[in-house]
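Structure first, commentary second.
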Amino acid sequence: MEDVDTPDTVRNLISGGTQRTVVQARTVQLGFSPSCPFPDDAKTDDLALLESRWGEDTLRLAPPGPLPYDLLLQSGAHRLAPAIRRFEDYGFDVPLRAPHRPDELDEQLLSSFGPCSWFDLSVGDTMPFAYLVVAARSVLRPPAELAERLMTYGLTVSCTDLPAGLSAADAHELLLDSKFDETYMSVSDELTWQDLLRRAGELNATLEQVVQWLAELGIPVPDIGEQLRRALARVPRPLGVNCRRE
């Protein structure tokens, strides 16, 4: 049988419940070339690392990643260092520095259940400053201070302070997605130019300014020009009228 790319994931290898050499030998026997690192002291207890409390699918999780932050930070700041080492034992790339002596702010930030959202982010991704604007209200610290603390962990933040011309109150209003349940924009949201126009009107700002603010805050912004061209293409035109200039 020809070798093919291995489908091995950490969960598959650990859950086998057999010794490392037996698992690898059996994998090769089946025609696969095992590329998933497997430490000598691997044990089924390590499966706890892959149990997402958010119900995320971790079956396809394999080194070197990407490794979701929500998974890495489930144990909190005080257990982050051993979690990082264990994921690295399995071959994951984890460019994150755990604080040596976590304080209260570290605990608040480095938790998948804390005020700082890690939603839809993987290790190595840039932290949107928008998430820190929202977290700042809960921890009663300026968002710039939160950005400074995150950078001590080795993270990259989309900006280090509020964009020029945007106050903390207006930034909060800009990012608010629903006033009913107090949800906020995330990196996975797909904004439309209508969304941007509405927010520009609420803040008495130009569309260009809102687009610039959101980009600096780390929120993906659509190509407004392309969206307008698509919208105009769907507008009915009178028969016999050619809008193109010769």
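Just so you know, these numbers use all the heavy atoms, side chains as well, and skip hydrogens, waters and symmetry mates. As the structure is a prediction and not an experimental result, all values here were calculated from the model.
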ask   = Below 4.5 Å, heavy atoms only, C-beta onward: do Thr152 and Arg97 meet side chain to side chain?
value = no
message = Ignoring hydrogens, what is the shortest heavy-atom contact between Glu216 and Phe129? Give both atom names and the distance.
response = O-CB, 4.5 Å
query = Are the side chain of Ser111 and the backbone of Gly76 linked by a donor-acceptor contact shorter than 3.5 Å?
reply = no
Gap between atom CD1 of Ile84 and atom CG of Leu96 - 0.5 Å precision = 4.5 Å
Nearest atoms (heavy-atom pairs only) where Pro142 meets Ala136 = C-CB, 4.3 Å
query = In terms of heavy-atom contacts, does CZ of Arg198 have more than 12 from other residues, nucleotides or ligands at under 6.0 Å?
reply = yes
Side chain to side chain, Leu191 and Met185, heavy atoms closer than 4.5 Å = yes
task = May I ask you to decide if Asp177's main-chain N or O and Thr183's side chain share a donor-acceptor pair within less than 3.5 Å?
result = no
ask   = Do other residues, nucleotides or ligands put more than 12 heavy atoms under 6.0 Å from the CD atom of Glu202?
value = yes
Pairwise distance CD(Gln209) to CG(Leu174) - rounded to 0.5 angstrom = 10.0 Å
query = Do the non-hydrogen side-chain atoms of Pro102 and Leu80 ever get within less than 4.5 Å of each other?
reply = no
task = With the side chain counted from C-beta on, respond yes when Leu214 and Leu196 share a heavy-atom pair under 4.5 Å apart, and no when they do not.
result = yes
Separation of Tyr184 OH from Ile219 CD1 (nearest 0.5 Å) = 13.0 Å
task = Check whether any side-chain heavy atom of Val123 sits under 4.5 Å from a side-chain heavy atom of Trp118, and report yes or no.
result = no
key: Shortest non-hydrogen contact from Gly218 toward Pro128   = O-CB, 3.9 Å
message = If only side-chain N and O atoms count, and only distance matters, is there a donor-acceptor pair under 3.5 Å linking Thr206 with Glu208?
response = no
key: Flag side-chain contact, heavy atom, 4.5 Å: Leu217 against Val133   = yes
query = Can you check side chain to side chain contact (heavy atoms under 4.5 Å, CB included) on Leu162 and Trp213, steps first, answer last?
reply = CA-CA 9 Å; Leu162 289 166; Trp213 283 338; over 6 Å; no
ask   = How many angstroms lie between CG in Asp93 and OG in Ser122, if you round to the nearest 0.5 Å?
value = 12.0 Å
key: Nearest heavy atoms of Asp106 and Ala77, plus distance in Å   = O-CB, 3.8 Å
request  = Flag yes if more than 12 heavy atoms outside Asp103 fall under 6.0 Å of its CG atom; otherwise flag no.
outcome  = yes
Basic-acidic side-chain contact under 4.0 Å: Arg86, Asp41 = yes
query = How close do Val221 and Ala215 get, heavy atom to heavy atom, and via which atoms?
reply = CG2-N, 4.0 Å
remark   = Rounded to the nearest 0.5 Å, the CG atom of Leu121 sits from the OH atom of Tyr131 at a distance of 5.0 Å
message = Once ring pair (Phe, Tyr, Trp, His ring centres under 6.0 Å) is applied, do any residues pair with Phe87, and if so which ones, sequence neighbours excluded?
response = Phe92
request  = Compare all side-chain heavy atoms of Pro63 with those of Tyr90 and state whether any distance is below 4.5 angstrom.
outcome  = no
message = For a 4.5 angstrom cut-off between non-hydrogen side-chain atoms, does Cys116 reach Leu132?
response = yes
task = Could you list all the salt bridge (Lys or Arg N to Asp or Glu O under 4.0 Å) pairs where at least one residue sits in residues 124-145, not counting sequence neighbours?
result = Arg141-Glu145
ask   = Between OG of Ser138 and CG of Leu146, what distance do you get to the nearest 0.5 Å?
value = 10.0 Å
note = Smallest heavy-atom separation, Met127 atom then Leu150 atom, equals CG-CD1, 3.6 Å
ask   = Is there a donor-acceptor contact under 3.5 Å from the side chain of Arg199 to the main chain of Leu176?
value = yes
